[in-house]
Number of protein chains: 2
Amino acid sequence: MVQALIFDVFGTCVDWRSSVAREVAADLPRVDALAFADAWRGEYQPAMERIRAADRGYVPLDVLHLENLHRVADRIGVIAPDSLNAAWEKLDPWPDVVEGLKHLKQSRIIAPCSNGSIALMTRLAKYGRLPWDCILGADIARDYKPKPEVYLAACSALDLPPGQVMMVAAHNDDLMAARDAGLRTGFVARPTEYGPEQQADLQPEADWDIVASDFVALAAEVNGR
Amino acid sequence: MVQALIFDVFGTCVDWRSSVAREVAADLPRVDALAFADAWRGEYQPAMERIRAADRGYVPLDVLHLENLHRVADRIGVIAPDSLNAAWEKLDPWPDVVEGLKHLKQSRIIAPCSNGSIALMTRLAKYGRLPWDCILGADIARDYKPKPEVYLAACSALDLPPGQVMMVAAHNDDLMAARDAGLRTGFVARPTEYGPEQQADLQPEADWDIVASDFVALAAEVNGR
């Protein structure tokens, strides 16, 4: 019996790409805003990888986002204001997310298990009205997904065994890591997360416990069990 | 400008005494339920003190509650079921709390900064419909109030300086520690937390930044600033 569902956020719950591009366009009107958003996000995995590899101590994602903002801006020869970093706190949820989460919250604990910090996830939830019961993820574990510690710290914080917690993501690699840590898995495809040319994660690549078309369908499936 | 309010929970937000007594009465019909609740709560500070003093590594409050349950039951010669420990997840909010928190949530971040764990605070919020934005407190700091680390870890998790965070409590010593750590302070008296004979914390004992009669009045004061 799944007692709690924990969620990837960037891409799975919210459309980071067009939202960040909107904020970039407002602050840096001369740059290609979507290309800037993609480049900014492109620095995400390498920045976390140093921390996963213990080449650097844990710092919250907000710090990495700010460093990456200036790295990308420098590369194309523009000066970005630090305040643009708050773009990551203003990401629009996909249209099904708030309704689906409200349905799930009636019967289960729901929480983000994101690489975003508590500060970032809290502000993002207020912006998008995401009705989380609590905020889990990287800050709790002081490490980054897909390291197993992050999924297990979320289960531990809820005082639940991993088999009673379902990780929900639009990314097959996130679910693979969660399954390896003993969690249940739910896949919801977000085929335009990376824009119209997206190649990866268009389909489930393993027999995840639930595959749903969106969060409303996911809630119906979970609540019907 | 206060950006976030963080709250003591046991006594300040919820009536732990009559709620725990109700659960005790259901499981242990032959004992004096209010006296049992008082004795159980009486073990709370000494159990945390060992961890504050580093005589014992951090364990969540749920573990201390369970140990204390059996200590109190042993003392009066009864056997208590482990499941009675969940009494602490079923504490009724004082009547003004949910409405006041909803008003505050419209303009500020609201979170518990309790000695209760994330697991406990999450279940308690679902039981009492407390609309927290996130869960802070002892589990984040891996230490117990009134150590300054707990208040400062809450501010750090929100990426806010202590001067932009207000601690709200019905206990003068909690507010004193929060003020010493640099936070703003709000006092709401709960004169029957310990029953009709309560002697302590009937009045504010320092010039707290806000003194309010209940959470609805607190919200009006904060939102009016």
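So that the names make sense, note that chain A is the first sequence line, chain B the second, and so on, each numbered from 1.
Using a 4.5 Å cut-off between heavy atoms, Ile140(B) contacts chain A through its side chain alone, with no backbone atom that close. Proximity to chain B involves both the backbone and the side chain of Ala157(A), based on heavy atoms less than 4.5 angstrom apart. Only the side chain of Leu136(A) comes within contact range of chain B, judged by heavy atoms closer than 4.5 Å. Residue Leu120(B): no heavy atom, backbone or side chain, is found under 4.5 Å from chain A.
For NZ of Lys147(A), the number of neighbouring non-hydrogen atoms (other residues, nucleotides, ligands) closer than 6.0 Å is greater than 12. The neighbour count for Arg129(B) CZ, taken as heavy atoms of other residues, nucleotides or ligands under 6.0 Å away, does not exceed 12. By the 6.0 Å contact criterion, NZ on Lys105(B) is enclosed, its count of non-hydrogen atoms from other residues, nucleotides or ligands being greater than 12. No more than 12 heavy atoms of other residues, nucleotides or ligands lie within 6.0 Å of CZ in Arg184(A), so this atom counts as exposed by the packing criterion. The local environment of CZ in Arg56(B) is crowded, with over 12 non-hydrogen atoms from other residues, nucleotides or ligands closer than 6.0 Å.
Rounding to the nearest 0.5 Å places CD1 of Ile110(B) at 11.0 Å from OG1 of Thr122(A).
When all heavy atoms of Arg108(A) and Lys126(B) are compared, the closest pair comes out as O-NZ, 2.8 Å.
With hydrogens and angles disregarded, a donor-acceptor distance shorter than 3.5 Å links the side chain of Arg123(A) to the backbone of Leu158(B).
Within the 4.5 Å cutoff, the side chain of Asp133(B) has no heavy atoms near those of the Ile135(A) side chain.
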